[in-house]
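Any value given below was found using the heavy atoms of this structure, including those in side chains, with hydrogens, waters and symmetry copies removed.
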Amino acid sequence: MAKTLSQKMRRDWHYYAVAIGLIFILNGVIGLLGFQTEGWQNYAVGLVTWIICFWLASFIIRRRPEPEEPGTAEE
């Protein structure tokens, strides 16, 4: 019997996968543009790319509210 992931775990997995993919793409674009950094600037550029990519991933992977099952609504 195959075990399936919950809806939340699947959505979170896709969020992180998209964010990491965007990080690779953005770092590649920065490298192709020839942006030169030295010392602490390497870490600053890396941090900024991570922040931007996770922010973009939050728009791509929307976190929709869980649908309510009939009979669980409060009266």
Q: Please examine the side chains of Phe54 and Leu22, heavy atoms only from C-beta on, and report whether any two atoms are closer than 4.5 Å.
A: no
(Q) Tyr43: which residues meet the side-chain contact (heavy atoms from CB on, under 4.5 Å) condition with it, sequence neighbours left out? (A)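 Not a single residue meets the side-chain contact (heavy atoms from CB on, under 4.5 Å) criterion with Tyr43.
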**Q.** Contacts of Phe24 that satisfy side-chain contact (heavy atoms from CB on, under 4.5 Å) - sequence neighbours left out
**A.**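 Once residues adjacent in sequence are excluded, the partners of Phe24 under the side-chain contact (heavy atoms from CB on, under 4.5 Å) criterion are Ile20.
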For [X] against [Y], the heavy-atom pair lying closest together:
X: Tyr15; Y: Ile61; answer: CA-CG1, 3.9 Å
X: Gln41; Y: Gln36; answer: OE1-O, 4.5 Å
X: Val18; Y: Ala57; answer: CG1-CB, 4.0 Å

Establish whether [X] and [Y] are linked, either directly or via other cluster members, by ILVMFWY side-chain heavy-atom contacts under 4.5 Å.
X: Leu56; Y: Tyr16; value: yes
X: Ile25; Y: Ile52; value: no
X: Phe35; Y: Leu26; value: yes

**Q.** ILVMFWY clustering at 4.5 Å (side-chain atoms), partners of Leu47
**A.**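 Besides Leu47, the cluster holds Ile51.
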